[in-house]
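Read the structure below first, then the notes.
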Amino acid sequence: MTRIRLTNTRTRRKEDFTPIDPTDVRLYLCGPTVYDRAHLGNARPVLVFDVLVRLLRHVYGDDAVTYVRNFTDVDDKINAEAQRRKEAGSPLPLEALIAERTEETIAWYHADMDALGALRPDHEPRATGYIPQMIAMIETLIAGGHAYAAKGHVLFDVRSYPDYGKLSGRSVDDMIAGARVEVAPFKRDPMDFVLWKPSSDDLPGWDSPWGRGRPGWHIECSAMSAELLGDSFDIHGGGIDLQFPHHENEIAQSCCAHPQASFANVWLHNEMLQVEGKKMSKSLGNFFTVRNLLDQGVPGEVIRFVFLMTHYRKPMDWTEAKRQEAEATLRKWRDVTRGAEAGQPSSALIEALADDLNTAGALAALHDLAGRGDAERLLASAQMMGLLTDQLGAWSTDDEELGAIIMRIALERRAARKAGDYKKADEIRALLEAAGVKLMDTASDNIAWQRSSNFDPEAIKAIE
RNA sequence: GGUGGGUUGGCGGAGAGGUUACGCACCGGAUUGCAAAUCCGUGAAGACCGGUUCGAUUCCGGUACCCACCUCCA
């Protein structure tokens, strides 16, 4: 059996992966808060876990993996958007506006991640569907002396959990020293965090032993992972920015509520995304969503390829140059594999992926297969990484009408060449090239052409 | 201030204490009416300063610079 190695944030080491139950490998990925379109950075953990799940299914079997990714649909940003619509004159009640917002955002998210070739998880729980489990867990924490109610809130008592801070390598005292923490007067310790908070009448709320209120951010993941994967499961992940406080708090809640269990054995964290060397932020004007890229005509498969070029534990830079390189490589590989049947994935590829998801190394294995013209294995291996799938291939097949136009122009050029009129032949070639079509003369006299990055259908039509 | 990570050839980007990463670009050759594509081939690296070692880009320490987190954030 393939030995999978993963870098575990909890131990800060690359370790052999040993599932709790090889017939049911269980993973949890922190999913989006559904208040707006997914930005490009949101795609990174999704793609990391997508490759991981494909690898685990390959090694342990298609039915031996359970993948959970949540939707956070209780959040003040969602409430704010609903409030905005209400104030803009919507006749719907606030609860309906909130539901409307989360529903449309989830549909966008699905569409955008589908476009990147990411497999849907086995379960996509929503926080609002697990409120009773959260309340039960909070009651357990209070009973165990790890949480306390104060002024309609329930807070987790970080001093009650000696390992608090272990995941992120901080001590409670260090954090207090330098942090700008909001210190509510009813907190026993400034680092105590909210498990439950009261809701005013204009906010969504649920009845609880502490009055009408809503859960804090972190408790949902603890409750939902326990419900769907058990108190102990294999892998938990997300962006490195979630390491603290979100994952630290999840560990505190889950381990105190289930002291006999291990919670997540392996913690995987991906590094952040940059754009042209800078942090993606609204103020720098380089903030964009997955949908923005798709709408600009960047195929989802190209976006996926660019992400896979960089190891998940390193900062990844989205650049125009990479986009072009990815597109050119994919076109070449799609040409090589056109009409081929998928064979067996190469062992070099599996080994690269099994070595802490070394997707860059795996792409090198694909380059090797392409170079040797091994179309069957290239196809199977690329598909292991979610590339060269039928689902993602539409962008690389050309419009028939346009193809016919190009063919007619190319035939005219061929006639000119045959007649020895190289001046005319070269002119036609230059015109096509300016419109993004590269012509290639072949020995067999067939017409062959490729698009380049400046491909422009209107310009091509204008030539004829 | 605290914590964590990074610095590899023109660019992107991996692994490994000693043997070619790989891709793109470049250069040389084959091929071509000329190109393109393709094939063959040559170059080119590991921030800086020390240490360990027969040998370090790879391990350890220090310095510089960069980034992230500590506040909603994947």
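A, B, ... follow the sequence lines: proteins, then strands. Residue 1 opens every chain.
- Tested against A/I303 for a side chain to side chain contact (heavy atoms under 4.5 Å, CB included), the candidates A/L116, A/L308, A/D112, A/L392 yield a single pass: A/L116.
- A donor-acceptor contact under 3.5 Å links the side chain of A/R429 to the base of B/C34.
- Here B/C34 is the nucleotide among B/C72, B/A21, B/C34 with the atom lying nearest to any side-chain atom of A/D441.
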Exercise. Can you check side-chain hydrogen bond (donor to acceptor under 3.5 Å, both in side chains) on A/E15 and A/T11, steps first, answer last?
Worked result: CA-CA 9 Å; A/E15 301 170 340; A/T11 58; 2.5 Å; yes

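- No engagement by A/R37 is indicated, since no non-hydrogen atom pair under 4.0 Å with the nucleic acid exists.
- Remark: C1' of B/C34 and CD1 of A/I428 are 15 Å apart, rounded to the nearest angstrom.
- Across all strands shown, A/L363 has no heavy atoms under 4.0 Å from either base or sugar-phosphate atoms.
- Among the heavy atoms of the strands lying under 4.0 Å from A/L242 are primed sugar atoms or P, OP1, OP2 only; no base atom is included.
- Atom CG of A/L308 and atom P of B/G12 are 19 Å apart (whole Å).
- Looking at A/T72, A/I131, A/V154 one by one, the single match for side chain to side chain contact (heavy atoms under 4.5 Å, CB included) with A/P215 turns out to be A/I131.
- Per the geometry, OH belonging to A/Y28 stands 13 Å off P belonging to B/A74, to the nearest Å.
- Rounding to whole angstrom units, CD of residue A/E81 and C1' of B/C72 are separated by 16 Å.
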Between the protein and nucleotides 3-7 of chain B, which nitrogen or oxygen pairs come in under 3.5 angstrom?
{"residue": "B/U3", "atom": "O2'", "partner": "A/S168", "partner atom": "O", "Å": "3.1"}
{"residue": "B/U7", "atom": "OP1", "partner": "A/K314", "partner atom": "NZ", "Å": "3.4"}

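- Here the C1' atom of nucleotide B/C22 and the CG atom of A/D368 are 9 Å apart, to the nearest Å.
- Rounded to whole Å, the distance from CG on A/N79 to C1' on B/C72 is 14 Å.
- Looking at the side chain of A/K77, the nearest of the listed nucleotides B/G23, B/A74, B/C72 is B/C72.
- Scanning all heavy atoms of the two residues, the minimum distance from A/S199 to A/G205 falls at OG-CA, 3.9 Å.
- Taking 90° from 0 as the syn/anti boundary, the base of B/G46 is oriented syn.
- In the model, A/Q274 has no side-chain atom that pairs as donor or acceptor with a side-chain atom of A/W318 under 3.5 Å.
- For the pair A/W206 and A/R214, the minimum side-chain heavy-atom distance is below 4.5 Å.
- For A/K332, taking side-chain heavy atoms from C-beta onward, the closest of the listed nucleotides B/G33, B/G13, B/U38 is B/U38.
- Protein atom CE of A/M440 is 21 Å distant from nucleotide atom P of B/U31, rounded to whole Å.
- You'll find a donor-acceptor pair under 3.5 Å spanning the side chain of A/D426 and the base of B/G33, going by distance alone.
- For the P atoms, the distance linking B/G46 with B/A21 amounts to 13 Å, nearest Å.
- The C1' atoms of B/U52 and B/U20 are separated by 28 Å, rounded to the nearest whole Å.
- If you take atom P in B/U7 and the same atom in B/A16, they sit 14 Å apart, rounded to whole Å.
- Counting non-hydrogen atoms under 4.0 angstrom, A/T319 reaches nothing in the nucleic acid.
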Exercise. Using Watson-Crick and G-U wobble pairs with both distances under 3.5 Å, what is the 5'-to-3' dot-bracket string of RNA chain B, with [ ] for crossing pairs and | for pairs outside the strand?
Worked result: (((((((..(((.....[...)))..((((.......)))).....(((((..]....))))))))))))....

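- A distance of about 24 Å separates the P atoms of B/A36 and B/G43, rounded to the whole Å.
- Within the nucleic acid shown, A/G238 comes within 4.0 Å of sugar-phosphate atoms alone, with no base atom in reach, counting heavy atoms only.
- Comparing B/G12, B/G33, B/A36 against the side chain of A/M309 picks out B/G12 as the nearest.
- Comparing B/G13, B/C24, B/C67 by their nearest atom to the side chain of A/Q274 picks out B/C67.
- Comparing B/C73 with B/A37, their P atoms are spaced 48 Å from each other, to the whole Å.
- Among the nucleotides B/A37, B/A68, B/A14, the one closest to any side-chain atom of A/N358 is B/A14.
- The side chain of A/K322 lies closest to B/G13 when the candidates are B/G13, B/C24, B/A21.
- At a cut-off of 3.5 angstrom, counting only N and O atoms as typed in the model, there is no donor on one side facing an acceptor on the other between the side-chain of A/H269 and the base of B/A74.
- Residue contacts for A/H39: at a heavy-atom cut-off of 4.0 Å it reaches a base atom on one of the strands shown.
- Nearest nucleotide to the side chain of A/H367, out of B/A36, B/G23, B/G33: B/G23.
- Considering only side-chain atoms of A/A364, the nucleotide from B/C22, B/G33, B/A37 that sits closest is B/C22.
- With both ends at atom C1', the span from B/A56 to B/U8 equals 14 Å, rounded to whole Å.
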Problem set entry | Working for side-chain hydrogen bond (donor to acceptor under 3.5 Å, both in side chains), residues A/D356 and A/Y312 | CA-CA 9 Å; A/D356 200 23; A/Y312 75 92; 2.6 Å; yes

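- By the 4.5 Å heavy-atom criterion applied to side chains, A/W217 and A/F193 are not counted as neighbours.
- Proximity of A/W449 to the phosphate of B/A37: no side-chain N or O atom is located under 4.0 Å from OP1 or OP2.
- Spacing of C1' atoms, B/A74 relative to B/C26, comes out at 38 Å, to the nearest Å.
- Cation-pi geometry between A/K151 and A/F186 is not satisfied (NZ or CZ under 6.0 Å from the ring centre, within 45° of the ring normal).
- Using a 3.5 Å distance cut-off with no hydrogens or angles, the side chains of A/S200 and A/D202 do pair a donor with an acceptor.
- Going from the P atom of B/A44 to that of B/G10 covers 11 Å, rounded to whole Å.
- A straight line from CG of A/L349 to C1' of B/A21 spans 15 Å, rounded to a whole angstrom.
- No side-chain donor-acceptor contact under 3.5 Å links A/Q243 and A/T9.
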For this session: Run the numbers on A/R429 and A/E433 for salt bridge (Lys or Arg N to Asp or Glu O under 4.0 Å), then give the verdict.
Result: CA-CA 6 Å; A/R429 185 170 64 195; A/E433 192 155 355; 5.4 Å; no

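- A/R69 and A/P121 make their closest contact through NH2-CD, 3.5 Å (heavy atoms, listed as atom of the first residue, atom of the second, distance).
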